[in-house]
Amino acid sequence: MMEVRRICCIGAGYVGGPTCSVIAQMCPEVTVTVVDVNEDRIRAWNSDSLPIFELGLQEVVESCRGVNLFFSTDIDEAIKNADLVFISVNTPTKTFGIGKGRAADLKYIEACARRIADVSSGCKIVVEKSTVPVRAAESIRRIFNANTKSSLSFQVLSNPEFLAEGTAITDLKNPDRVLIGGDETPEGQHAIQALRSIYEHWVPKNKIITTNTWSSELSKLAANAFLAQRISSINSISALCEVTGADVEEVAHAIGTDQRIGSRFLKASVGFGGSCFQKDVLNLVYLCEALNLPEVARYWQQVIEINDYQRKRFSSRIINCLFNTVTDKKIALLGFAFKKNTGDTRESSSIYISRYLLEEGACLHIYDPKVKAEQIMQDLTKPTLSERHDTATVSRLVTIVTDPYKACENAHAIVICTEWDMFTELDYERIHKAMLKPAFIFDGRRILDSLHDQLQHIGFQVETIGKRVNQRIPFTASGDRSEMDQPQTLKKNKL
């Protein structure tokens, strides 16, 4: 069996950085080098301010950086020295051409394969770590076979990552399973065992699953599709709850106690986000269409459509409650990351809700404890498949703040889009006094359920997902400011 002493990871993003940091910590005899073409990102990995936020990541990196963990832009040298190369580059959804909006763009995967073939010598194990469509390994293998030198041999493995952002370090150190796919040839099995020996430093043997390459690739897509489907399923029920008087939390608890169903991923919200769920479901849809399975494709497409519907439905509810107009009204949007305990905003529901409200002329004051202002503005001005977003308009209507209380001053409504724990601990009496009346709270994450009575007693009009909150007529103290008292406070040019 080949012994792995040096690992190179191409791609210092949300998968490559944390994964290889944990490998370095758990395998002190293995030298791990993470490389990337982005000099700013590598500089950040070598600093005290890491480019991504994950609980526990800073401690892991600091424990082995400069010992057996290195971050570099010298990609060729790292590849040459490595026994095993992880490919952890981005595989975004195509924005043009065949498969636009659904198929994965593999240009970065292909570029990595060609670069590895060009600079390598000897025997190397190349591992797909990125989420890729089924049979992507075959494409990598064909590139290697067409560029093989007499002194060079490759084995291509699939080793998809199942970590969840926000709990990445915990997931990496105590995974539900590690999946490794490879060829069923003797050489392929030797490569599988070499990678398996790395994980066996800390993962129990019974949690390491080995399959053929295609099963491994499809398992990653299927896992994310199933998780996304559960979220869309409970979100579809939340819409029904709101018109019937049921509470989706009670429904979710009732069905979740059935051991055949389970309680995980039955939390109704403004919709799923992140780098994987939407991309992987769309990838699965495209794969089914390409393989002439239209009924299967339509089934999985509906998961995405329900997610879009939930975001639009929540945004429409905000507009309807604010007397059918949000033009020139200040709205405090709390949370921009796609989930708590991460700074990742990719496909965040906050982006879509913000855009819907901006189209109506709302003035958004956005607060998130971990997302940088530049990232928020970049997300809101980035062109989509269907439209471009006017940078000047976004700059005029959007204000990024560093204090949640500042965001809520003179606001007509608060919209909670990310389930940060701190939002349950805010002084809502102080916030209510500083808002225009009637003051609304739209809880898109169901994190304020235990506070509904208190919030209503203070005077808030509370709206939430999957439940009709019985509103009380609040007592308004004489010192409180109403909307009628300050008609000019938020006057701005219309969109």
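Count residues from 1 along the sequence.
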Practice task
For Leu55 and Gly166, work out which heavy atoms get closest and say how close.
Solution key: CD1-O, 4.1 Å
Completion exercise
On a heavy-atom basis, the closest approach of Ile431 and Cys408 is CG2-CB, 3.7 Å
Handout entry: Sub-4.5 Å side-chain heavy-atom contact between Glu217 and Leu221
Key = no
Exercise for the section: Inspect the surroundings of NZ in Lys207 and state if more than 12 heavy atoms from other residues, nucleotides or ligands are less than 6.0 Å away. Expected result: yes
Exercise for the section: Give a yes-or-no answer on whether the side chains of Glu374 and Gln378 include a donor-acceptor pair shorter than 3.5 Å. Expected result: no
Handout entry: Steps toward side chain to side chain donor-acceptor pair (under 3.5 Å) verdict (Tyr352, Glu347)
Key = CA-CA 8 Å; Tyr352 293 87; Glu347 293 300 329; 2.4 Å; yes
Handout entry: Rounded distance (nearest 0.5 Å) linking atom CG of Leu293 with atom CZ of Arg298
Key = 11.0 Å
Problem - Rounded distance (nearest 0.5 Å) linking atom OG of Ser350 with atom CG of Leu380 - result: 9.5 Å
Fill in the blank from the handout: The side chain to side chain donor-acceptor pair (under 3.5 Å) partners of Asp443 (sequence neighbours excluded) come to none
Handout entry: side chain to side chain donor-acceptor pair (under 3.5 Å) assessment of Glu54 paired with Thr167
Key = CA-CA 7 Å; Glu54 278 290 339; Thr167 58; over 6 Å; no
Exercise for the section: Kindly say whether the aromatic ring centers of His432 and Phe460 come within a distance under 6.0 Å. Expected result: yes
Practice task
Would you indicate whether Phe226, at its atom CZ, is surrounded by more than 12 heavy atoms from other residues, nucleotides or ligands within a distance under 6.0 Å?
Solution key: no
Practice task
Compute whether any side-chain donor of one residue and acceptor of the other, for Asp368 and Trp420, lie under 3.5 angstrom apart.
Solution key: yes
Exercise for the section: Can you measure from CG (Asp36) to CZ (Arg43) and round to the nearest 0.5 angstrom? Expected result: 12.0 Å
Exercise for the section: Compare all side-chain heavy atoms of Ile366 with those of Val398 and state whether any distance is below 4.5 angstrom. Expected result: yes
Exercise for the section: Would you check if Ile376 and Thr345 make a side-chain contact, meaning some heavy-atom pair closer than 4.5 Å? Expected result: no
Exercise for the section: Work out which heavy atom in Trp45 is nearest to a heavy atom in Leu50; give both atom names and the distance. Expected result: O-CD2, 3.8 Å
Handout entry: Side-chain (Glu128) to main-chain (Ala137) donor-acceptor, under 3.5 angstrom
Key = yes
Handout entry: Rounded distance (nearest 0.5 Å) linking atom OG1 of Thr327 with atom CG of Leu357
Key = 10.5 Å
Exercise for the section: Mark yes or no for whether Asn320, through its side chain, and Ser316, through its backbone, hold a donor-acceptor pair below 3.5 Å. Expected result: yes
Problem - Any side-chain heavy-atom pair of Ile400 and His365 under 4.5 Å - result: no
Exercise for the section: Inspect the contact between Asp105 and Lys94 and indicate whether a charged nitrogen and a carboxylate oxygen are less than 4.0 angstrom apart. Expected result: no
Problem - Check: Asp171 side chain, Ala164 main-chain N or O, donor-acceptor pair, under 3.5 Å - result: yes
Problem - Polar side-chain atom of Arg311 near backbone of Ile306 as donor-acceptor pair, under 3.5 Å - result: no
Problem - Polar side chain donor-acceptor pair, Ser236 to Gln310, under 3.5 angstrom - result: no
Exercise for the section: Give the C-alpha distance, both sets of side-chain angles, the deciding distance and a yes or no for side chain to side chain donor-acceptor pair (under 3.5 Å) between Ser63 and Gln25. Expected result: CA-CA 7 Å; Ser63 71; Gln25 187 182 54; 3.1 Å; yes
Handout entry: Minimum side-chain heavy-atom gap Ile304-Asn307 below 4.5 Å
Key = no
Handout entry: SB check Arg346 Glu165 (cutoff 4.0 Å)
Key = yes
Could you pull out every donor-acceptor pair under 3.5 Å between side chains of residues 241-263 and any protein atom, sequence neighbours left out?
from, atom 1, to, atom 2, distance (Å)
Glu242, OE1, Arg313, NH1, 2.5
Glu242, OE1, Arg317, NH1, 3.3
Glu242, OE2, Arg313, NH1, 3.3
Glu242, OE2, Arg313, NH2, 3.2
Glu242, OE2, Arg317, NH1, 3.3
Glu242, OE2, Gly466, N, 2.7
Thr244, OG1, Leu240, O, 3.0
Thr244, OG1, Cys241, O, 3.4
Thr244, OG1, Ala246, N, 3.4
Asp247, OD1, Glu249, N, 3.0
Asp247, OD1, Arg446, NH1, 3.3
Asp247, OD1, Arg446, NH2, 2.9
Glu249, OE1, Lys267, NZ, 3.3
Glu249, OE2, Lys267, NZ, 3.4
Thr257, OG1, Ala254, O, 2.8
Asp258, OD1, Arg260, N, 2.9
Asp258, OD1, Arg260, NE, 3.0
Asp258, OD2, Arg260, NE, 3.3
Asp258, OD2, Arg260, NH2, 2.7

Problem - Backbone of Ala222 reached by a side-chain donor or acceptor of Asp280 within 3.5 Å - result: no
Handout entry: Under 3.5 Å: donor-acceptor pair, side chain of Thr418, backbone of Ala337
Key = yes
Problem - Lys NZ or Arg CZ of Arg177 over Phe162 ring: under 6.0 Å, within 45° - result: yes
Handout entry: Stepwise side-chain contact (heavy atoms from CB on, under 4.5 Å) test for Ile319 and Tyr356
Key = CA-CA 10 Å; Ile319 296 167; Tyr356 294 140; 5.9 Å; no
Practice task
Run the salt-bridge test on Lys129 and Glu161 with the 4.0 Å N-O cut-off and return the result as yes or no.
Solution key: yes
Practice task
Could you tell me the separation between the SG atom of Cys417 and the CZ atom of Phe442, rounded to the nearest 0.5 Å?
Solution key: 11.5 Å
Exercise for the section: Count the heavy atoms of every other residue, nucleotide or ligand shown that sit under 6.0 Å from CG of Asp427, and state whether that count exceeds 12. Expected result: yes
Handout entry: Phe265 six-ring face occupied by Arg230 cation (under 6.0 Å, within 45°)
Key = no
Problem - Approximate separation, where rounding is to 0.5 Å, of Lys340 NZ and Asp421 CG - result: 3.5 Å
Exercise for the section: Provide the closest heavy-atom pair for Leu426 versus Leu334 in the form atom of the first, atom of the second, distance. Expected result: CD1-CD1, 4.1 Å
Problem - Shortest non-hydrogen contact between Ser219 and Ser215, atoms and distance - result: OG-O, 2.6 Å
Exercise for the section: Using a cut-off of 6.0 Å, state whether more than 12 heavy atoms not belonging to Tyr108 lie near its atom OH. Expected result: no
Exercise for the section: Would you mind reporting whether Lys329 and Phe323 have side-chain heavy atoms less than 4.5 Å apart? Expected result: yes
Problem - Minimum side-chain heavy-atom gap Asn410-Met435 below 4.5 Å - result: no
Handout entry: Polar side-chain atom of Lys173 near backbone of Met26 as donor-acceptor pair, under 3.5 Å
Key = no
Handout entry: Lys339 side chain to Ser348 side chain, donor-acceptor N/O pair below 3.5 angstrom
Key = no
Problem - Closest contact, heavy atoms only, Ile465 versus Ala268 - result: CG2-CB, 3.8 Å
Practice task
Answer yes or no: is there a donor N or O on one side and an acceptor on the other, between the side chain of Gln58 and the main chain of Asp48, under 3.5 Å?
Solution key: yes
Exercise for the section: For Tyr299 and Gln229, run side chain to side chain donor-acceptor pair (under 3.5 Å): C-alpha distance rounded to whole Å, both residues' side-chain angles, the deciding distance at 0.1 Å, then the answer. Expected result: CA-CA 10 Å; Tyr299 175 83; Gln229 178 217 45; 2.4 Å; yes
Practice task
Report yes if some heavy atom in the side chain of Cys363 is under 4.5 Å from a heavy atom in the side chain of Ile331; otherwise report no.
Solution key: no
